[in-house]
Structures are given as C-alpha cells and as structure tokens.
Amino acid sequence: AWEAALPARVAALAARWRLRGVVPLASGGTGARLYAATAPQGPAVLKLALPGQAVRAEADALAGFAGQGAAQLLAHDSAEGALLL
C-alpha cells in the first residue's frame with residue numbers, strides 16, 4: 001500500500017513545494033524512496049521514508065548542520081515522512 005501511494009504523495013508534495021522535473025532515483029538503503037527535482041532554491045532531492053522511520057529526528061539533525069557538512073534541509077513534513085534536501 002505504501003508503494004502504491006507514492007505517485008500521489010510525490011505529486012502532492014511537488015505541488016506544495018513547487019518542485020519541477022521530479023524523477024525517481026535509486027532507492028535509499030533504508031527503504032526510503034529518492035527523487036531528483038528542481039526546487040525554487042535550485043537542484044534538490046525529495047526523500048520519502050517508510051512509516052516508523054525517524055524523519056523528525058533526521059530533519060532536526062540536518063537543520064542543526066544548516067548545510068555545513070551535511071545536506072541542506074529545504075523543507076520537511078514529518079507526518080508525510082518527507083524531506084526536501
């Protein structure tokens with residue numbers, strides 16, 4: 001069911017975050033799905049995690065790095081399991 005819902009989730013997040021050219025990348029090693037996109041800020045990766053993964057903790061950690069030594073967090077939605085990097 002999670003996999004089947006991905007196209008609708010990607011479309012909704014792309015509209016919400018004004019992403020263009022969203023294309024799938026290789027799956028993440030933890031089961032996450034990754035998509036290349038162009039965000040208003042420039043090139044980006046949309047990461048959708050499986051339910052139960054610690055998306056909020058990952059977003060908090062990335063925000064703490066503020067793009068220094070780690071991917072820059074552009075947006076996130078913990079309820080959707082989504083990170084825009």
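Treat the numbers as computed from the prediction; the structure is a model and nothing was measured. We're numbering straight along the sequence, starting at 1.
- Using a 4.5 Å heavy-atom cutoff, the side chains of R33 and W2 are in contact.
- Interatomic distance, L19 CG to L46 CG, rounded to the nearest 0.5 Å: 6.5 Å.
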Just distance, no hydrogens or angles: give the donor-acceptor pairs under 3.5 Å from side chains in residues 55-66, sequence neighbours left out.
{"residue": "E58", "atom": "OE1", "partner": "K47", "partner atom": "NZ", "Å": "3.2"}
{"residue": "E58", "atom": "OE2", "partner": "K47", "partner atom": "NZ", "Å": "3.0"}

Go through it in stages, so that I can follow the logic: the residues are Y35 and V10, the test is side chain to side chain contact (heavy atoms under 4.5 Å, CB included), and I'd like the CA-CA distance, side-chain angles, deciding distance and then a yes or no. CA-CA 9 Å; Y35 300 84; V10 169; 3.6 Å; yes

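- Nearest heavy atoms, A39 versus A44: CB-CB, 4.0 Å.
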Please list, one pair per line, the donor and acceptor atoms closer than 3.5 Å that link side chains of residues 70-85 to other protein atoms, with sequence neighbours excluded.
{"residue": "D77", "atom": "OD1", "partner": "A79", "partner atom": "N", "Å": "3.0"}
{"residue": "D77", "atom": "OD1", "partner": "E80", "partner atom": "N", "Å": "3.0"}
{"residue": "D77", "atom": "OD2", "partner": "R16", "partner atom": "NH1", "Å": "2.6"}
{"residue": "D77", "atom": "OD2", "partner": "R16", "partner atom": "NH2", "Å": "3.3"}
{"residue": "E80", "atom": "OE1", "partner": "R9", "partner atom": "NE", "Å": "3.1"}

